[in-house]
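The analysis underlying the following values was restricted to heavy atoms, covering all of them including side chains, and did not include hydrogens, waters or symmetry mates. Because the structure is a prediction, the values reported are computed rather than measured.
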Amino acid sequence: MRSMTVVVVGGGVVGFSTAVCIAEALPYCSVTLIADRFTPDTTSDVAAGIVICSPFPDIPLERQQRWFKETIDHLLAIAQSEQASEAGVLLSSGWQIYKELPADKVPFWSSFVLGFRIMTDRELKRFLDHTFGQAFTTVKCECSNYLPWMEKRFRKAGGQVVKQKVNNLQELSSQGYDIIVNCSGLGAKSLVGDSEVYPVRGQVLKVQAPWLQHFIRDGEGQSYIYPGMHSVTVGGTRQVDDWRLEVDPEDSQDILERCSRLEPSLSRARVLGVSVGLRPSRKNVRVEREMVLLGSRLVPVVHNYGHGGWGVTLSWGTALEALGLVRKCLHERCPRARL
């Protein structure tokens, strides 16, 4: 059988996760990943990378639970391996706190993190104006380490990486790819004309505060403190339909003030850098396939984008689902092939 050619568009955490899944599971396929930006210049590099999630409104919770569980299990296995430091994956314990009682005191992902429990009154005393909280251990994935590690894993599986700007699917079809996998994130707005995709601007600071060992996240996700391998990420902003990539000094000052109220010792921390990223947001993440007429031929396109701020959190789970859709496409083209 002729080697089937698959192209994955997107060099962030969703793109590389999907490319690795396909290349490792389908060794008889030739898999190419194309993107115009790679680490350290992706949105994933700006992400704090903490595995936590809010639900999408129109996707069955069972499906979202599967994505979450498959991703955290994948990352937990890395965190507990000798590869952990190179991959930038570590366990992270801390608190998610609320000023008012949340609608879901026990979120849909609570059984997949480690040691989930409701905080005691004594624990909550340190957080002024907060009346409820959850304590648990999850995983933090530092994409500045994880993305190069995933690229190396992808190449080891025979994958090819190409730096190129893709303006439309027709360009890919003309190169003869059998299947297109769209992990273009915010780029899907122009690549496939999806008007439902929009940016949510996020600005974060990296600070030097090695004495901080536990994460703190305001339940609304506006303010957060995430200790990592080399620094502490403090944030953030959620500015809808804001395309600015420039650092806003007023945002930085506001972030530091808000986070210092949660953790007063941050006022003594040295700022190492400031980053801005545009979350590729959508009402519902899109993981599905369709047949697209490109030139004179129908080409299967598998979509996997629109994760918003949950790209790291759902990356492996949605990649596995995208792999399943690629398998279906191959089976329909070559029904006798062993998949």
Side-chain angles (χ1 to χ4, degrees), residues 10-20 35 37-53 68 70-94 96 113-114 136-155 183 185 202-217 221 223-236 255 259 263 266 269-280 307-319:
V13 68
V14 173
F16 266 108
S17 297
T18 306
V20 167
R37 288 184 297 138
F38 293 92
T39 186
D41 300 317
T42 73
T43 301
S44 300
D45 286 285
V46 181
I50 199 86
V51 176
I52 190 174
C53 198
F68 189 99
E70 288 172 344
T71 303
I72 198 169
D73 286 353
H74 160 77
L75 292 172
L76 279 170
I78 297 170
Q80 295 160 5
S81 77
E82 61 182 19
Q83 299 285 318
S85 60
E86 183 186 350
V89 181
L90 61 149
L91 293 178
S92 182
S93 300
Q96 178 163 254
V113 296
L114 306 178
F136 54 92
T137 297
T138 185
V139 181
K140 189 176 190 300
C141 178
E142 313 240 321
C143 284
S144 57
N145 287 64
Y146 186 66
L147 287 175
W149 183 79
M150 287 289 277
E151 180 175 345
K152 189 162 75 171
R153 182 169 163 177
F154 176 58
R155 290 181 185 272
C183 303
Q203 183 165 313
V204 300
L205 291 81
K206 301 284 188 182
V207 303
Q208 190 172 38
W211 59 89
L212 295 182
Q213 301 294 315
H214 293 81
F215 72 79
I216 303 170
R217 181 181 190 270
S223 303
Y224 47 82
I225 302 163
Y226 296 133
M229 293 176 68
H230 312 294
S231 61
V232 178
T233 302
V234 296
I255 289 167
C259 290
E263 178 55 70
L266 270 177
R270 182 165 69 91
V271 176
L272 301 173
V274 187
S275 302
V276 176
L278 304 180
R279 302 176 183 91
H307 297 65
W310 314 123
V312 171
T313 294
L314 303 176
S315 57
W316 197 253
T318 58

**Student:** I want to check something: taking the side chain as every heavy atom from C-beta on, are S93 and F136 in contact at a cut-off of under 4.5 Å?
**Tutor:** no
**Student:** How far apart are the closest heavy atoms of S85 and N145, and which atoms are they?
**Tutor:** O-ND2, 3.5 Å
**Student:** Identify the two heavy atoms, one from F215 and one from S92, that lie closest to each other, and give their separation to 0.1 Å.
**Tutor:** CD2-OG, 3.4 Å
**Student:** Quick one, V89 and W149 - any side-chain contact, counting heavy atoms below 4.5 Å?
**Tutor:** no
**Student:** Are the side chain of T71 and the backbone of G317 linked by a donor-acceptor contact shorter than 3.5 Å?
**Tutor:** yes
**Student:** How long is the straight-line distance from OG of S231 back to CG of L205, given to the nearest 0.5 Å?
**Tutor:** 10.5 Å
**Student:** Using every non-hydrogen atom in the two residues, find where C259 and I225 come nearest and quote the distance to one decimal.
**Tutor:** O-CD1, 3.6 Å
**Student:** Quick check: closest heavy atoms across T233 and A48, and the distance to 0.1 Å?
**Tutor:** CG2-CB, 4.0 Å
**Student:** What orientation do W316 and H74 show, parallel under 30°, tilted 30 to 60°, or perpendicular over 60°?
**Tutor:** parallel
**Student:** Can you check whether T313 reaches H307 side chain to side chain, under 4.5 Å on heavy atoms?
**Tutor:** no
**Student:** Drop me the distance from I78's CD1 to L90's CG, to the nearest 0.5 angstrom.
**Tutor:** 12.0 Å
**Student:** For I50 and Y224: C-alpha separation, side-chain torsions, deciding distance, then whether side chain to side chain contact (heavy atoms under 4.5 Å, CB included) applies.
**Tutor:** CA-CA 10 Å; I50 199 86; Y224 47 82; over 6 Å; no
**Student:** Would you find a donor on one side and an acceptor on the other, under 3.5 Å apart, between the side chain of Q213 and the backbone of P210?
**Tutor:** yes
**Student:** Answer yes or no: is there a donor N or O on one side and an acceptor on the other, between the side chain of E142 and the main chain of M229, under 3.5 Å?
**Tutor:** yes
**Student:** Would V312 and C143 count as a side chain to side chain contact (heavy atoms under 4.5 Å, CB included) here? Give the steps.
**Tutor:** CA-CA 9 Å; V312 171; C143 284; 3.7 Å; yes
**Student:** Which residues satisfy the side chain to side chain contact (heavy atoms under 4.5 Å, CB included) test with L114, sequence neighbours excluded?
**Tutor:** L76, L91, T137
**Student:** Less than 4.5 Å apart, any side-chain heavy atom of F38 and any of L147?
**Tutor:** no
**Student:** What distance do Q83 atom CD and R153 atom CZ have between them, rounded to the nearest 0.5 Å?
**Tutor:** 9.0 Å
**Student:** Counting N and O atoms only, with roles assigned by atom type, does the side chain of T39 sit under 3.5 Å from a partner on the main chain of P148, one being a donor and the other an acceptor?
**Tutor:** no
**Student:** Looking at CG of D73 and CZ of F68, how far apart are the two atoms once the value is rounded to the nearest 0.5 Å?
**Tutor:** 9.5 Å
**Student:** Identify the heavy atoms of R37 and T42 that sit nearest to each other, and give their distance.
**Tutor:** O-CG2, 3.9 Å
**Student:** Please report the closest heavy-atom contact between S17 and M150, naming both atoms and the distance.
**Tutor:** CA-CE, 3.6 Å
**Student:** Would I52 and W310 count as a side chain to side chain contact (heavy atoms under 4.5 Å, CB included) if you check the C-alpha gap in whole Å, the side-chain angles of each, and the deciding distance to 0.1 Å?
**Tutor:** CA-CA 8 Å; I52 190 174; W310 314 123; 4.0 Å; yes
